[in-house]
Amino acid sequence: MPAFAEVEKIRYEGPQSKNPLAFRWYNAEEVVEGKTMRDHLRFAVVYWHTFRGTGSDPFGPGTMQRPWDDGSDSVENAQRRARVAFEFIDKLGAPYYAFHDRDVAPEGKTLAESNKNLDAVVKVLKEEQQRTGIKLLWGTANMFSNPRFMHGAATSCNADVFAYAAAQVKKALEVTKELGGENYVFWGGREGYQNLFNTNMQRELDHLGRFFHLAVDYAQEIGFTGTFLIEPKPKEPTKHQYDSDAAACINFLRTYELTDRFKLNIETNHATLAGHTMMHELEYAGLQNMLGSIDANTGDLLLGWDTDQFPTNFYLTTEVMLVLLKYGLAPGGVNFDAKVRRESFEPLDLFYAHIGGMDAFARGLKIAAAIRAEGELEKFVTARYSSWDSGIGAEIEAGQHSLKSLEAYMLKQGEAAPNQSGRQEMLENLINRYL
Ligand code: XUL
Ligand code: CO
């Protein structure tokens, strides 16, 4: 008996459709800038929120109705849940999914037992991938929920915990490879600190660098060629996470000589917690060839924590797609690291949430492509920097000047050439023309 018997495969019906179980913008086969929407967006459903999220919060227990789940920690329940997950993703029409090791299979009493449980569920995941054609965007290891990781995993003060985490990543890499995963993600989890009085930051950062090198070496050994991704986040659960934003991550990767194997997985709500826009984080990573993938969601600026809501705002998705079209996304994807609200407790809400997110990104893609096709924005920016295209600007860029020669130039000129308006409001109006 299917879990979502009342839902048919979600179809594209166009912007006029009032059917809440249809796409109004996401038309997988539609070609934009020479590529199908499916290939541009590479949507992924996350296992942790969508199939393990209970709706609990610090004030009360879970609310979600998940009739296929018997609430037990058994392998059988995990296997049944895996089949339901694929029924859902298949009906939705998302080409990818992503998981943590501990989302898909129960943790056992020992590492060996956990590995065995994982193998039993991975067998089902593999069957379901083959049955449906759904692929794994990335795998990762949960190294933050179990109390052993209270001080962190790779950055723990306890060397045994580092070793445990290493063993867990070894297995997660094997499983990701087995399932054809195209990337492997490290989100910092508890890699950070609550108080510097008890923290040796130098040792913790060195350990983290070593940990990533161990992962790179093992990937090489087993022939896993997917991209490694670090996911920046500034706070939560620790006060300060070492991977706090794109700039901090890139600096870390350069310091520990990991940039050839790693890129970044940028998440909207993490960007806003860091005091940046998503567009800023994407642009900063992209210009350094470090943009790997995105975790698509949104926060609530009235709430100061990581609310992981589904993105529905066309303005946001337009900004994101302008950057993604500029730098490209594959082998990354648009991964919905988002959860339905606690009050949206019915299974059907999972469909509405994902349909809304996919439509918002499809609409953002079309708007961004239209803006790029008309080229006005680009023309404006090119013109804005034209003083660098010839004369003194071109000479400075070519490295032909010193402070002395620039002083001589300016003594002769007497004053800098007049500035031009930044036209911010005009450009904001221009964007609104497309929305
Ligand atoms: C936590 C978060 C994680 C990562 C995967 O804020 O975003 O779910 O995406 O570990
Ligand atoms: Co995330």
Side-chain angles (χ1 to χ4, degrees), residues 42-54 56-58 96-104 107 136-146 149 152-155 165 168-169 171-173 175-176 181-192 208 211-212 215 226-246 248-249 262-274 276 278 281-282 285 291-300 303-311 320 329 332-340 353-354 357:
R42 299 166 58 83
F43 287 126
V45 171
V46 305
Y47 213 95
W48 52 100
H49 288 312
T50 297
F51 305 108
R52 302 311 309 276
T54 63
S56 68
D57 72 9
Y96 288 95
Y97 74 115
F99 66 78
H100 301 82
D101 49 1
R102 303 298 178 247
D103 307 330
V104 290
E107 181 150 18
L136 180 61
L137 184 67
W138 46 264
T140 189
N142 177 332
M143 303 186 295
F144 44 88
S145 295
N146 189 292
F149 297 119
T155 64
Q168 210 179 315
V169 167
K171 182 69 182 172
L173 274 171
V175 158
T176 301
E182 298 182 27
N183 305 270
Y184 185 90
V185 165
F186 289 99
W187 163 58
R190 293 180 195 274
E191 316 290 26
L208 190 56
F211 194 85
F212 290 146
T227 316
F228 282 105
L229 299 168
I230 292 195
E231 185 176 317
K233 183 175 182 178
K235 53 193 169 196
E236 242 192 29
T238 70
K239 176 167 78 176
H240 180 88
Q241 304 272 126
Y242 289 132
D243 305 334
S244 55
D245 65 0
C249 286
F262 276 79
K263 288 191 175 206
L264 303 185
N265 181 38
I266 306 283
E267 177 164 329
T268 323
N269 208 162
H270 297 178
T272 49
L273 288 178
H276 304 306
M278 178 64 165
E281 287 290 84
L282 292 172
L291 175 53
S293 197
I294 73 164
D295 270 13
N297 61 20
T298 193
D300 184 327
L303 301 170
W305 66 90
D306 196 10
T307 57
D308 283 343
Q309 288 163 236
F310 277 85
V320 171
L329 184 62
V334 174
N335 181 53
F336 288 113
D337 191 358
K339 58 187 178 214
V340 289
H354 285 85

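Quick note: residue numbers are just sequence positions, from 1. No experiment lies behind these values; they were computed from the predicted model shown. Order of listing sets the numbers, starting from 1, for every ligand and every atom in it.
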(message) Heavy-atom contacts with ligand 1 below 4.0 Å: which residues, ordered by chain and residue number?
(response) W48, H100, W138, W187, E231, K233, E267, H270, D295, D306, D337
(message) Inside 2.8 Å of the Co ion (ligand 2) but strictly below it, how many protein N/O/S atoms are present?
(response) 4
(message) Is there a side-chain contact between D243 and W187 in this structure, where contact means two heavy atoms from C-beta onward sitting under 4.5 Å apart?
(response) no
(request) Can you sort out the partners of E107 under salt bridge (Lys or Arg N to Asp or Glu O under 4.0 Å), two or more places apart, ordered by chain and number? (result) R102, R148
(request) Could you pull out the closest heavy-atom pair between L329 and I294, with the gap in Å? (result) CD1-N, 4.3 Å
(request) Considering non-hydrogen atoms only, spot the tightest contact between M143 and A165 and give its length. (result) SD-CB, 3.6 Å
(message) Once salt bridge (Lys or Arg N to Asp or Glu O under 4.0 Å) is applied, do any residues pair with D306, and if so which ones, sequence neighbours excluded?
(response) K233
(request) Please report the closest heavy-atom contact between A353 and V340, naming both atoms and the distance. (result) CB-CG1, 3.6 Å
(request) Kindly say whether the aromatic ring centers of F212 and F228 come within a distance under 6.0 Å. (result) no
(message) Quick one, T155 and F211 - any side-chain contact, counting heavy atoms below 4.5 Å?
(response) no
(message) Could you report the tightest heavy-atom contact between L137 and G332, atom names first, then the distance?
(response) CD1-C, 3.8 Å
